[in-house]
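Structure record follows, encoded as structure tokens.
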Amino acid sequence: MASVQRPVSVPRQGIPGSPAGAGHSFKKPSGPKRDNRAGYLFLTPWLLGLVLLTAGPMLASLYLAFTQYDLFSAPKWIGLGNFRRMLTDQQLHSSAVVTAIYVLVGTPIKLASALAVAVLLNARMRGMSFYRSAFYAPSLIGSSVSIAIAWRLLFSEEGFVDQMLSAVGIELGGWAGNPELAMPMLMALAAWQFGAPMVIFLAGLKGVPPELLEAAALDGAGRIRRFFSVTMPMISPVLFFNLLLETINAFQAFTAAYIVGGAGGAPGGSTLFYTVYLYARAFVDRQMGYASALAWLLMVVVGIIAGIYFHSSRRWVHYASEAQ
Amino acid sequence: MGRTRKAAALTAAMSLAALGLGACTDSNGGGDGGVEPVTLTFTWWGNDDRAGRMNEAIARYQDLNEHVTINGSFTDYGSYFEVRTTEAAARNLPDVMLFDYLYISDYAQRDLLLTLDSLESLDMSGVDAGVISAGVIGAQQVAVPLGTNVMSVISNPAVYEAAGVEAPADGVSWEELEATWQELTRTSDGVYGTDNTTIAGPTALELVLLQNGQTMFEPDGSLGFDEQDLTAFLQSVLDAEADDVLVPSRIEDEISPQFALAAGVVGSRMGWDNTFVQFLDAENAPELTLTVPPPGSSESGLYAKPALMLSGAANTDHPEEVAAFIDFMINDAEIGRIFGASRGVPVTEAQRRAMSAEGTDAQIVEYQERVADLLMQTPAPPPAGWSSLEAHLVRIAGEVRHQTLSVEDAVAQFFQEAETLLNG
């Protein structure tokens with residue numbers, strides 16, 4: 001971009017909040033005001049994105065949540081009509097159950113596998129960086145449409161998973177057409193994409209002081225005891241971060257479910273995630289007002305759950321600085 | 001200088017999106033002395049086979065009209081109207097669109113479609129009167145049918161032969177047809193009688209209603225059936241499943257989006273006669289036959305439906321150019337040869353004559369001649385909102401078949417949706 005070519009003097013002051021500036025009282029920058037302007041200029045692309053692509057549409061959807069809007073004609077104000085409708089919407093209730101199951105079961109599975117692999121990858125071994133890359137790779141291609149299609153084939157009748165299970169005498173047939181197995185299939189896909197939380201866990205594990213573990217070992221604690229009594233409390237901030245992020249992600253899961261079950265949540269409504277239902281209301285039924293209301297309900301629910309997490313975190317998340 | 005460049009940089013990102021969404025007046029058209037070059041956007045749904053034919057037609061049009069460039073694009077049917085919906089909201093629809101009978105009321109009633117009556121470049125005089133009227137909403141021509149099709153039983157004789165079961169023929173009764181499908185399911189391993197659409201799809205419901213002397217919709221746009229009719233229909237779906245007439249929904253959902261007929265999993269499927277061209281995409285495409293669906297107690301239930309339609313967007317900058325292209329698509333004889341009966345039997349004599357008289361095209365034409373005497377009057381286009389409601393019909397039928405929803409709840413849900421969607 002042209003604006004980048006403009007010569008800008010580098011600010012001489014430490015950036016507030018950076019290690020150098022932390023703990024000191026904030027001083028007014030002595031540099032020319034141009035520095036500020038340059039800063040804002042650099043911020044502009046992000047700011048434009050925020051206003052035009054995030055904040056603007058969000059405000060619009062807040063307004064639309066109180067209207068009836070079919071996309072073709074002007075929105076009509078109906079007050080709380082959309083929210084009253086939610087109370088008796090059978091499909092909304094079943095989609096909320098589907099999403100709740102996905103969040104409650106899928107997230108712990110994903111975090112557990114991420115942590116388990118992170119512990120393995122934390123060992124000292126030759127070629128470890130190769131393994132780290134290899135385990136992270138699925139997350140790079142994770143949310144793409146193609147992987148959901150490939151996943152579906154993997155779990156199809158006579159597909160790879162079916163053949164493996166048949167070999168040990170378990171005959172389940174295809175998963176994508178079975179209302180009881182479509183959800184586990186999607187959870188497995190999510191769990192397989194544990195790369196992002198795994199890397200964060202790995203960073204947390206590297207921060208556990210070896211002397212603490214050694215001390216515990218000297219006191220006679222076994223491997224498992226050391227993990228749960230030393231490692232876990234030490235990485236609890238990282239666990240909290242991952243739990244929060246993955247819970248929010250799980251609430252927003254859409255692509256794979258839509259690829260497997262379409263807007264109707266086939267088979268038999270078993271993949272009608274809340275987000276898929278919202279999408280169907282917006283773009284199949286063209287009830288954009290109701291869909292906006294659904295989106296805000298989701299936001300409020302996720303907000304409340306995040307609030308509960310933060311509140312409870314005081315009891316189980318230990319920051320190293322507090323312990324001293 | 002620096003200031004203007006900065007401004008340019010800031011607006012660049014914003015204009016990028018707008019450009020991509022289709023301003024359509026750039027000048028790739030190759031100026032041929034005085035005629036303003038025009039670019040039209042054109043969208044359709046369908047498979048690679050149709051895309052090949054469309055591209056051939058577009059190339060021919062561009063050769064004949066050097067000042068026009070047509071930017072064609074296509075998706076599958078499933079997402080086609082979802083994309084059109086968002087474009088409609090922004091009043092940014094493609095100049096020319098392939099349209100479906102199911103949706104024209106939705107779009108026409110919101111003034112999203114170009115009124116074609118007054119445009120000089122479009123000559124509809126060669127189109128059969130009963131057919132052209134299918135594109136009229138509120139006394140305005142908003143769509144032009146490209147071809148017509150009729151409901152048929154599409155069967156794969158190889159599947160029946162392998163099972164030693166006699167394939168469906170003209171003149172069978174419903175009882176005989178169901179017995180045939182039951183026998184096919186019971187005598188073969190991994191092969192079933194017929195598919196979901198045949199028994200549980202919206203076209204199946206319409207056929208049942210028409211055969212009983214009812215209609216899907218009343219003239220005022222309300223539903224022509226009630227809770228009792230829908231309950232009986234869904235119950236018959238469960239019966240067909242229990243009687244082994246129907247492929248289990250687990251298997252059909254499993255192979256979706258592939259069609260059970262194309263996959264060799266079922267012997268027959270009821271569908272519009274031109275749709276069987278789409279099964280020819282499949283590897284080892286089966287030889288298929290078309291036979292007449294059994295009659296009902298009072299009516300045949302069969303009618304000539306506009307198969308595919310072309311519409312222009314009300315937001316187009318080039319209405320006459322749009323009209324000229326639609327004119328070309330229905331009147332140019334060569335187009336008849338390119339498409340054959342893949343878009344239904346052509347609506348103009350010139351195109352019908354240009355069609356090859358062999359293969360699947362000949363099969364479709366010959367089928368339509370066979371049923372010509374049985375045809376009822378073409379029902380009015382579905383009311384606005386039905387396209388969405390139909391998706392609910394498909395969904396509840398699927399959930400009933402998977403037994404995740406009871407017939408009673410399904411019927412209640414459907415009529416609750418009907419309340420909002422048809423009156424909204």
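By convention in this document, chain letters (A, B, ...) are assigned in the order of the sequence lines, proteins followed by strands, and residues within each chain are numbered from 1. Values in this document were obtained by computation on a predicted structure and should not be read as measured data.
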Residue Y258(A) versus chain B: region with a heavy atom under 4.5 Å: side chain
Distance, nearest 0.5 Å, that separates CG of D106(B) from CG of L71(A): 11.5 Å
Exercise: identify the closest heavy-atom pair between H402(B) and P267(A): NE2-CB, 3.2 Å
Structural part of R250(B) lying under 4.5 Å from a heavy atom of chain A: both
Rounded distance [0.5 Å steps], CD in E254(B) versus CG in D162(A): 8.5 Å
Proximity breakdown for R401(B) and chain A, heavy-atom pairs closer than 4.5 Å: neither
Toward chain B, the part of S94(A) with a non-hydrogen atom under 4.5 Å: neither
Part of Q416(B) lying under 4.5 Å from any heavy atom of chain A: side chain
Stepwise salt bridge (charged side-chain N to carboxylate O under 4.0 Å, His left out) test for R281(A) and E417(B): CA-CA 11 Å; R281(A) 282 296 183 198; E417(B) 296 297 340; 2.6 Å; yes
Side-chain donor or acceptor of T404(B) paired with backbone N/O of G269(A) under 3.5 Å: no
For D253(B) against G268(A), the heavy-atom pair lying closest together: OD2-N, 4.4 Å
Contacting moiety of D111(B), where chain A heavy atoms sit under 4.5 Å: neither
Check: F72(A) ring centroid to Y107(B) ring centroid under 6.0 Å: yes
Exceeds 12 heavy-atom contacts within 6.0 angstrom, atom CZ of F160(A): no
Portion of S256(B) that has a non-hydrogen atom of chain A nearer than 4.5 angstrom: both
Chain A contact via E82(B) - side chain, backbone, both or neither, heavy atoms under 4.5 Å: both
Most chain B-contacting option - heavy-atom pairs closer than 4.5 Å, from Q287(A), K76(A), Q91(A), R85(A): Q91(A)
Side-chain donor-acceptor pair present, D285(A), H392(B), cut-off under 3.5 Å: yes
Any donor-acceptor pair under 3.5 Å from Q90(A) side chain to Q413(B) backbone: no
Trace of the side chain to side chain contact (heavy atoms under 4.5 Å, CB included) decision for D70(A) with R110(B): CA-CA 10 Å; D70(A) 69 357; R110(B) 270 91 175 199; 2.4 Å; yes
